[in-house]
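Worksheet: the structure to be examined is printed underneath.
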Amino acid sequence: MKYWLFKSEPSEFSIEDLAALPDHTTAWTGVRNYQSRNLLRDQVRTDDELFFYHSSTDLKGLAGVCRIVRAAYPDPSALDKASPYFDPKSTPENPVWVAVDVELIRQFEAVVPLALLKQTKGLEKMMVCQQGSRLSIQPVTAREWRVALKLARG
DNA sequence: GCCAACGTTGGC
DNA sequence: GCCAACGTTGGC
């Protein structure tokens with residue numbers, strides 16, 4: 001089993017939004033970066049776990065934990081002309097972009113701030129802690145996962 | 001809110 | 001295939 005960090009801007013879709021859904025499950029769509037796409041398509045598997053990360057907000061950080069409940073499939077938003085994520089390069093025969101389904105396991109009582117992650121021993125090499133870390137889908141090592149989870153418990 | 005860094009696109 | 005222009009994201 002692998003661990004991941006998925007970024008979402010809370011103004012677009014927050015962990016509160018996910019928690020408000022009756023089944024606590026959503027399709028993770030709209031990834032439009034090839035490096036992130038490749039990870040989603042080739043490495044993210046059912047039952048992998050991920051940190052739901054709030055980006056581009058005053059309270060940047062880890063908001064909770066989710067589980068992959070469906071591995072990569074063609075991203076429907078890329079095929080939907082009405083969607084802001086529509087991409088004419090993507091067709092049903094040749095879907096360029098993929099989505100996965102994620103289920104909320106736990107929302108942290110408080111967001112674990114990025115600044116705290118950066119100060120924490122053992123997380124120096126965590127991708128999200130690196131300067132200018134822009135990937136929206138990031139791998140997390142098992143060790144980083146354990147260390148970061150401890151921070152969430154306070 | 002501005003600017004720098006980075007990835008992507010388009011023109012040649 | 002290169003490179004300039006552009007859009008997006010992150011850092012301050």
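Values reported hereafter were calculated over all heavy atoms of this structure, with side chains retained and with hydrogens, waters and symmetry mates removed. Computed from a predicted model, the values in this text were never measured in an experiment. Each chain gets a letter, A, B and so on, in the order its sequence line appears, and its residues count up from 1.
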Q: Taking side chain to side chain donor-acceptor pair (under 3.5 Å) as the test, write out the residues that go with A/D80, two or more places apart.
A: none
Q: Mind checking salt bridge (charged side-chain N to carboxylate O under 4.0 Å, His left out) for A/R41 and listing every partner two or more places apart, or none if nothing turns up?
A: none
Q. With sequence neighbours excluded, what pairs up with A/R32 under the salt bridge (charged side-chain N to carboxylate O under 4.0 Å, His left out) test?
A. A/D75
Q | Results of side chain to side chain donor-acceptor pair (under 3.5 Å) for A/T141 - residues two or more places apart only | A | A/E144
Side-chain donor-acceptor pairs under 3.5 Å in residues 99-123 of chain A, sequence neighbours left out?
{"from": "A/D101", "atom 1": "OD1", "to": "A/Y73", "atom 2": "OH", "distance (Å)": "2.5"}
{"from": "A/Q107", "atom 1": "NE2", "to": "A/E16", "atom 2": "OE2", "distance (Å)": "3.4"}
{"from": "A/T120", "atom 1": "OG1", "to": "A/L116", "atom 2": "O", "distance (Å)": "2.7"}

Q: Looking at every strand, decide which applies to A/S133 at a 4.0 Å heavy-atom threshold: base, sugar-phosphate, or nothing.
A: sugar-phosphate
(Q) Students should find this one: the first and last nucleotides of DNA chain B, 5' to 3', lying under 4.0 Å from a heavy atom of chain A. What are they? (A) B/dA5 to B/dT9
Q.
Can you pull out every ring-ring contact (aromatic ring centres under 6.0 Å, His included) where at least one residue sits in residues 38-57 of chain A? Sequence neighbours excluded, please.
A. A/W28-A/F52, A/F51-A/W145, A/F52-A/H54
(Q) Quick one about A/S133 and A/Q138 (side-chain donor to acceptor, distance below 3.5 Å, no hydrogens or angles considered), yes or no? (A) yes
Q. What parts of residues 88-98 of chain A reach DNA chain C, counting only heavy atoms under 4.0 Å away?
A. none
(Q) Suppose we screen for side chain to side chain donor-acceptor pair (under 3.5 Å). Which residues come up paired with A/K89, at least two apart in sequence or across chains? (A) A/D87
